[in-house]
Q: 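After the structure tokens below, expect a handful of questions from me.
In this text the structure is predicted, and so the values were computed from the model without any measurement. In the text below, chain A, chain B and the rest are named by the order of the sequence lines, each starting its count at 1.
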Amino acid sequence: MSGVIPRLALKRLSSHRLRTAVTAFAVVLTSVLYMTVLSIAWCIADSVQLSRQLATGSDFHAQLPQSGFALTPTELLRRVGSSPDVDEAYILSFSGSFRSEFDTDAKSAREIVLADRESVMKHLFLKKTKGRFPSAPDEIMLCEEVYPGLSVGDRIGFRFMTGEAAGGRELELEVCGFFVSDADFDLNGVMRWDETLDGELFSGADIMISFHSSIDIEGQLDELEESLSQYLEPGGKASGTVNYAFLGADIRSFFTAGNIALIIMITAVLFFASFLLIYNIYSIALTQDMRTMGLLGVIGMTFRQMRALITLEGLMISAAAIPLGLIAGYFIGFRALTPVFMSMSGEELPYRFNSLIAVISGGLTLFTLLFSATRPIRRIKKLTPVQSVSERPLPTKRERQRGSMNSPSPLKLAAASISRSKGRTAVTALSAALSVLLFTVVGAISGGVREYILRDMGMFDFETRLECEVEKIYADGRRVTDTSRADFNGVISRQIIDGIEKLDSLSEIHEIRSAKVTAKGSSRLSETIRAYRDQSSYKLSDPLIEAMEGSISAVVVGVPDELCRYIKVGENERGEPVYYDGSELYDGRHVLSVGGSISQYSGSSGFNGVHLYDGDLLSSDSMKRDYEVIYCEVYGSAALRRLCVLTPDFYEAMFILPMSVFSEEFPNAETVTLLMNAKEGREKELESEVEKIVDGYVWFVEPKNNYEIRLRGRIDEMRELDERLTAINLTGGVLCGIILLIGVMNMVNSSLTSVIHRRREYAMLEAVGMTEKQLRLMIIFENAVGAIAALIALTLGSVLSRAVVIASFGIDAGGLSLSAVIALAVMIIVSAAVSLVSFYIISELPVTQRLREE
Amino acid sequence: MIIKAKDLTRVYENGAQSLCALDSVNLSVERGEFVSVVGTSGSGKSTLLHLLGGLDRPTRGSVAIDGAELYAMKPDALTVFRRRYIGFVFQSYNLIPGLNVWENVTLPLGLDGIKADRDETESLLSSLGIYDKRFSMPSELSGGQQQRAAIARALAAKPHVLLADEPTGNLDSKTGLEVMLLLGKLNEELSQTIVMITHNEELAQMTARRIRIEDGRIVSDSGEGRS
Ligand SMILES: Nc1ncnc2c1ncn2[C@@H]1O[C@H](COP(=O)(O)OP(=O)(O)O)[C@@H](O)[C@H]1O
Ligand SMILES: [Mg+2]
């Protein structure tokens, strides 16, 4: 192509400065929009995956134990590694526990891993800080944080707990290097894998596998095992497991119909909003340009050259605006909004930028821009050059002839000019409506979340919790503190209770007590656990094996009689909590059975914790009598949510008795928590008085953990709720705000350009006797379309989103969203302002001059 | 014969109504002729000119320029043919805004990937009397100057045919006459074939051949006998 097209494109861009600037701004907005949404989506997916991987300690797709194969680990590694699907494979041997002469803490045994080569470290989230990877069996690489006093070259004695028939074995090892660990997994040392060492001291080697593709890892692993079946020992079985922490492993489960619909919807809304803006700008520009385009056609510009010209103009604007938008998007979307949005989860999640976010956002923006240009280009194609040089007005959309003979009013004139530019009016109206609608939706969501949380929120101002802080230090220096609670393992002393009861600011106080018992299991429970074992790839833990064999660890909770009707026993079909409202519980022969805390993997298998069922008996040697079980389909702490946060241990069954029955059965049971309400308006006072009383009280569960009493309760929960809502509102608000800005830009852009374009038409109307007042009225009518559309969107949106929230949460969060009303007000103000400016533009020049204008 | 139109018909469909703006017109123009087309407003003059130049599409009939059938070509091919062999001048000067005179004049060549010869362009602009204005923007020029620039642009690619639709329509009579004399000079000195529409009988009298159109038909043609 000749150089004339680029030069012409540049000329046009610089001679239509305002238009170029508006387009560029639209492009910037669009990329900020895409970038924000992509950043949030990416960071959520990434942090979920990363935190799961850190929790399990590796990012491998799967692991295949060598046991069962008639091959040595090295041979197996070679076979696995030569499979075409496998990207990388390593030999690892876990869980040799040991103690070094530097470990003073008698109880803790450390974890060590044997690895065959250095490149495995990145898969285990380890970073080398000093020295080198071990090259001989008598060398060890240590975790820097655990052994701060040692240095490379030191020789130290290690005592392995395993080996020599579990009597333990001493080894002298040389420290060859140090590492830091990002994983949540206590790995203290890495040694070089060695078959003898592994056989004597470790549990046997696993082949850790990364496939080329992370899709359908289960299928790939099955295939790999199948291909290796010839190497199995007689009667041996390949028992590979998938690392479920790897998101790719269950990527299919992420793509549920609901999630896909949500993704498509959000993308479509964003695309639509930015498309409307850019399309609007283009179509306006093009209407102004039709003559020029036709003229260029007359003097010999081919359609292809015109298309190249328009595309090139788009690309030139993008070249400047997209990088700008990406930078703005990085700061607005990633740095500012993503952390806010992620804080909603209540956890501190790691978030990392990926340049893919920028690439995809840029690409989407460019696509939006080029796609928006296709329609104007098609219109150019239809244009015959003669239309541009003939003196008659350019044909717009087909104008129907009307038989009306009434003299038109300003309203009618406005209606006529609106219907003449139907397309553009529709775009303006749509984008105005869209932003208000989105505000309504965000309002409804945050209202729904609020009501949903409030419904289950605790009833008491304060609750005593035995808590201690556990600090974790990441390799990059981040310190994350986590809270650990003693719950049913804790005790609140009598002295404290007596002290608090005397307080004047207290309006009511309740005690929750508990007792631990070993109870008899039931055949139904055994069956359930057996069924779970047969279809799960996880090994049963000891408590589960015991439960299957008929003995369960249980905690029996005593709840004050007057609070028993706040025990949640199920949910109705709308998801609303159902509380216990029977009378059997108080008769001294019945007990509520609540499932133990549910493990994260068992949910899908139909296994809901250790549980007794209707018809079973709660019976224990340490209890005076047996109780008939009332089964509740509620897990662990959920049953007591309105009262306290007490949670049973994993695999611990939980039973609830009213205090009247409980105190007869367990007269010496300890109090595990206190529930308090303050007298009206004296919450602060009660809080500080109780804090004085509990100050210094410490409960030891293990030597390491000193639990202290903290006061938590409704007041904190409300504050957390507010933070969470702020996050929703802020993120949603910024996104909607950008879309509102798009709506406003569309409005301003459309009406101002149309007014400038139609100055002559207005002058004509004035010349034939339209008064200024009528003219102003007409312009106001013309510009009201966007505001009217926004009003309709607000009304419909409020009704609809309220209906949706009621249907899905079973909650009526009320009608109007304040931010949507504000958005509507903005629209109205803008449309009024635009009318005013339009009128000013029109009346700026005298009629005669405007009539003469081309 | 440089232009040959046969049975040229153009019907405008406008909803239910249809209007026959040009009705079975046959016309030939020889190389080097200067033809004026006259007729009342709305008689179909512009329609004829547009069809002769390949700007529109006829409902029926054909146009050949130098033996090439215009309406047998694909749209882009027709456009390329037009920019090489046909020059247009209009009543409203239709210069491209944002480009100066020089850029406007050399644009058709540029679109063809040809770099305009500097000397030739300069002498073209001088002969049209707008050399001084070569870097001016269209908005800085008077009507007569704009029209001269438009003529220069039409001639830049050395077209075989120059088609002009009321080129003097927007000019005062003195400037109009100047432009007319300029066209006459082009015709005489360079044997430029010109078809020109005009309202002005006086100007029409200055051309060797006059065609009168009424209601889409040729009602008289002073050159009829010759061809
Ligand atoms: N694009 C069009 N659509 C409908 N009718 C048209 C169009 N262009 C021209 N006409 C009609 O065709 C007739 C001839 O027009 P035109 O060739 O422009 O006349 P002239 O140039 O002689 O004034 C007129 O009646 C005009 O109204
Ligand atoms: Mg005409």
Q: Check whether Ser15(A) gets within reach of chain B through its side chain, its backbone, both or neither, counting any heavy atom under 4.5 Å.
A: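 Interface part for Ser15(A): side chain.
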Q: Should the heavy atoms of other residues, nucleotides or ligands under 6.0 Å from CD of Glu202(B) be counted, would the total exceed 12?
A: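 For Glu202(B), atom CD is not crowded (no more than 12 foreign heavy atoms under 6.0 Å).
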Q: Nearest 0.5 angstrom please: Arg82(B) CZ to Met301(A) CE, how far?
A: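 It is 12.0 Å, given to the nearest 0.5 Å.
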Q: Supply the atom-to-atom distance Glu103(B) CD to Leu8(A) CG, rounded to the nearest 0.5 angstrom.
A: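 Reported to 0.5 Å precision, the distance equals 8.5 Å.
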Q: Got more than 12 heavy atoms from elsewhere within 6.0 Å of CG, Asp215(B)?
A: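 No - once you tally the heavy atoms of other residues, nucleotides and ligands closer than 6.0 Å, there are 12 at most.
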Q: Does the side chain of Arg83(B) reach to within under 4.5 Å of the side chain of Val298(A), using non-hydrogen atoms?
A: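 Result no, sub-4.5 Å side-chain heavy-atom pair not found.
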Q: Look up atom OG1 in Thr79(B) and atom CD1 in Ile299(A), then write down how far apart they are to the nearest 0.5 Å.
A: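 That separation rounds to 11.5 Å.
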Q: Need one label for Pro108(B): side chain, backbone, both or neither, based on atoms under 4.5 Å from any heavy atom in chain A.
A: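 Looking at Pro108(B), backbone and side chain both touch chain A.
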Q: Examine distances only and state if a side-chain atom of Asp76(B) and a backbone atom of Phe303(A) form a donor-acceptor pair shorter than 3.5 Å.
A: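 Present.
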Q: For Arg134(B), does the CZ atom have more than 12 heavy-atom neighbours from other residues, nucleotides or ligands under 6.0 Å away?
A: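 Yes, because the 6.0 Å sphere around CZ of Arg134(B) holds more than 12 heavy atoms from other groups.
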Q: Of the backbone (N, CA, C, O) and the side chain (C-beta and beyond), which part of Arg57(B) lies under 4.5 Å from a heavy atom of chain A, both, or neither?
A: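 Neither part.
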Q: Using non-hydrogen atoms only, which part of Arg304(A) is less than 4.5 Å away from chain B: side chain, backbone, both, or neither?
A: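 Both parts, backbone and side chain.
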Q: Nearest 0.5 Å please: distance from the OG1 atom of Thr302(A) over to the CG atom of Asp112(B).
A: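 Atom-to-atom, Thr302(A):OG1 and Asp112(B):CG are 9.5 Å apart.
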Q: Check this for me: Phe371(A), atom CZ, are more than 12 non-hydrogen atoms of other residues, nucleotides or ligands nearer than 6.0 Å?
A: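 No.
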Q: Does any part of the side chain of Val4(A), heavy atoms only, come nearer than 4.5 Å to the side chain of Leu109(B), both counted from C-beta?
A: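 Result no, sub-4.5 Å side-chain heavy-atom pair not found.
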Q: Let me know if Ile86(B) has heavy atoms under 4.5 Å from chain A in its side chain, its backbone, both or neither.
A: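 Contact with chain A involves no heavy atom of Ile86(B) at all.
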